[in-house]
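Heads up, the thing below is written out as structure tokens.
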Amino acid sequence: DRITLDRITPDRTHIPATLSSQSTRTLLLDASTLDGRSLVVGERGYVLESADAGVTWQQLVTPSSVTLTGVSQQHGGEAWAVGHSGVILHRSGAGADWTLQLSGEQLKTLRTNELKSVIALRERALPAAAEQDQDLLAEELDNMRFSLEDLQANPQAGVNSSLLSVLFADNRKGWAVGAYGVFLSTRDGGEHWVSEALSLDNPDGFHLNALARSADGSVYIVGEAGLIFRSLDDGDSWQRLDSPYDGSFFGLLPLRRPGELLVFGLRGRAFHSTDHGDSWQIVDSATRLTLSDGAILDDGALVLVGLGGVISRASNINEPFVARVQASRNGYSAMVALDDTLILVGESGVTRLTAEQWQSGSSHGN
């Protein structure tokens, strides 16, 4: 179930996105809403903004035309978007210009520096390690040296790495994750990014698909092969959790009670935890279609969306989900909820559905 990633020539990084009257109808991949303003991002470097709950949209000028896959906002209109070719875009506030904060070449340098640093630390630690640990440490060192040699020998290695999700806790602290285990962090709003992939227990370099942060400050990463990582100290350290599933997860939704989570992904698989992910119980999402995103409505209801135009709703986590498929059957990649209105993005661009509209799709249980 490894996702297929487009390979884009790196020079598109520095080609501004073309303004297009079709930007609301093209492939869009993520959405965010805060302080009455909604942002959506997608292919060709498109960034769209709405100040009227998705009724009208304005395409914003951006400095790159690579596909954008994730967006995160902070108060005052500051925002970040990530995408293919290692791109991170930044806007310092509402109305400000978008600027290129990171490129694939810079991401390759960050990953190279991380490997060099960790290799040096492990080489110094190896002679003093307990005898029973030396074989494992030596094997880890060999793997890291191989990865470093690959980065240094291949000019394009790492340059085309795709970032898939971005999340900021405030205007300073943020994270970005992506394909083949890419994991970046910043403590200064993105002026400086650091590669921390080796801080995660992900030796096979599985894709990291999404980030989420709960109200108590816990941060989560979900990904390929059932990966779930948790940080209880706001990103300073990470723990790999025992997973209830070995397929891909594409989203994690912190619920309203402390420590309560809903994780979901491939083939409609969903699981509920009440203890920060220490244990999980299977949830019947009422669909076998892949689920990509979710939200909590003002009344506490849960909504999940995904491929095939599926929208699955439960009045709360303890009640059954009911799934309906929209007539277009175009897949949804992300959503935000504004009162009882859903703003969905995906294969057909951006779609705005009122409660009456999105609850009137055809019933779906397969």
Side-chain angles (χ1 to χ4, degrees), residues 6 16-62 64-73 77 79-84 87 89 91 94-95 98 163-167 209-210 250-251 253 289-298 303-313 324-361:
D6 293 335
T18 301
L19 295 179
S20 171
S21 61
Q22 301 299 307
S23 58
T24 58
R25 300 184 184 93
T26 193
L27 176 66
L28 298 171
L29 295 169
D30 198 21
S32 171
T33 190
L34 186 68
D35 297 338
R37 289 186 176 271
S38 300
L39 288 174
V40 300
V41 300
E43 68 175 359
R44 302 175 187 168
Y46 290 163
V47 178
L48 311 175
E49 186 171 37
S50 175
D52 55 10
V55 176
T56 60
W57 294 89
Q58 176 189 3
Q59 184 186 349
L60 306 181
V61 176
T62 54
S64 179
S65 55
V66 302
T67 293
L68 299 175
T69 55
V71 61
S72 180
Q73 292 190 78
W80 294 261
V82 301
H84 292 185
V87 160
L89 304 182
R91 182 178 74 175
W98 287 84
L163 297 171
L164 302 174
S165 181
V166 62
L167 173 68
N209 294 327
F250 295 107
L253 183 63
L289 294 169
T290 290
L291 297 168
S292 56
D293 202 7
I296 304 174
L297 304 187
D298 287 346
V303 178
L304 302 174
V305 300
L307 301 186
V310 67
I311 302 177
S312 190
R313 180 188 185 277
R324 299 186 182 279
V325 170
Q326 301 305 297
S328 69
R329 294 188 178 268
N330 288 322
Y332 299 123
S333 56
M335 63 167 292
V336 293
L338 301 171
D339 298 322
D340 63 349
T341 298
L342 303 184
I343 296 174
L344 305 110
V345 298
E347 293 176 325
S348 58
V350 61
T351 303
R352 182 180 187 272
L353 296 177
T354 64
E356 181 179 355
Q357 290 172 320
W358 63 263
Q359 292 186 62
S360 64

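Because only heavy atoms are used, hydrogens play no part in the values below, and waters and symmetry mates are left out as well, while side chains stay in.
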For this session: Just do the side chain to side chain donor-acceptor pair (under 3.5 Å) check on D52 and S50 with the steps written out, would you?
Result: CA-CA 6 Å; D52 55 10; S50 175; 2.8 Å; yes
For this session: Run the numbers on Q326 and L353 for side-chain contact (heavy atoms from CB on, under 4.5 Å), then give the verdict.
Result: CA-CA 10 Å; Q326 301 305 297; L353 296 177; 3.9 Å; yes
For this session: For side-chain contact (heavy atoms from CB on, under 4.5 Å), just list the numbers for V350 and R352, CA-CA rounded to whole Å, side-chain angles, deciding distance to a tenth of an Å, and then say yes or no.
Result: CA-CA 7 Å; V350 61; R352 182 180 187 272; over 6 Å; no
For this session: For the pair V336 and V345, evaluate side-chain contact (heavy atoms from CB on, under 4.5 Å) and give the outcome as yes or no after the intermediate values.
Result: CA-CA 9 Å; V336 293; V345 298; over 6 Å; no
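Nearest heavy atom pair, residue M335 against residue A295, reads CE-CB, 3.6 Å. In terms of heavy atoms, T26 sits closest to S23 at CG2-O, 3.4 Å. When all heavy atoms of H84 and V66 are compared, the pair lying nearest together is O-CG2, 3.5 Å. The shortest non-hydrogen separation linking S348 to N330 is CB-ND2, 3.4 Å. The heavy-atom pair separating D293 from A334 by the smallest distance is OD2-CA, 3.3 Å. Taking each heavy atom of A17 and R44 in turn, the nearest pair found is CB-O, 3.3 Å.
Within the 4.5 Å cutoff, the side chain of V87 has heavy atoms near those of the L68 side chain. Between L344 and I311 there is a side-chain heavy-atom pair separated by less than 4.5 Å. Put simply, the side chain of V166 does not reach to within 4.5 Å of the side chain of D30, judged on heavy atoms. In this structure the side chain of Y46 reaches within 4.5 angstrom of the side chain of S20, judged on heavy atoms. In this structure, the side chains of F250 and L307 stay at 4.5 Å or more apart for every pair of heavy atoms. Under the 4.5 Å side-chain criterion, counting only non-hydrogen atoms from C-beta, L338 is in contact with S38. Using a 4.5 Å heavy-atom cutoff, the side chains of L342 and L297 are in contact. In this structure, V47 and L39 have side chains that are in contact, with non-hydrogen atoms separated by less than 4.5 Å.
Using a distance-only test at 3.5 Å, with no hydrogens or angles considered, a donor-acceptor pair links the side chain of T69 to the main chain of L163. Of the possible donor and acceptor atoms, one in the side chain of Q59 sits under 3.5 Å from a partner among the backbone N and O of T18. No donor-acceptor pair closer than 3.5 Å links the side chain of S65 to the backbone N or O of G45.
Between W98 atom CH2 and T62 atom OG1 the span is 8.5 Å, to the nearest 0.5 Å. Atom-to-atom distance recorded for I343:CD1 and T351:OG1 is 10.5 Å, nearest 0.5 angstrom. Rounding to the nearest 0.5 angstrom, the gap separating the CG atom in L29 from the OG atom in S333 is 4.5 Å. A distance of 10.5 Å separates CZ in R324 from CZ in R313, rounded to the nearest 0.5 Å. We find the OG1-CD distance between T33 and E49 to be 10.0 Å, quoted to the nearest 0.5 Å.
Counting heavy atoms of neighbouring residues, nucleotides and ligands inside a 6.0 Å radius, atom CZ of R37 does not exceed 12 of them.
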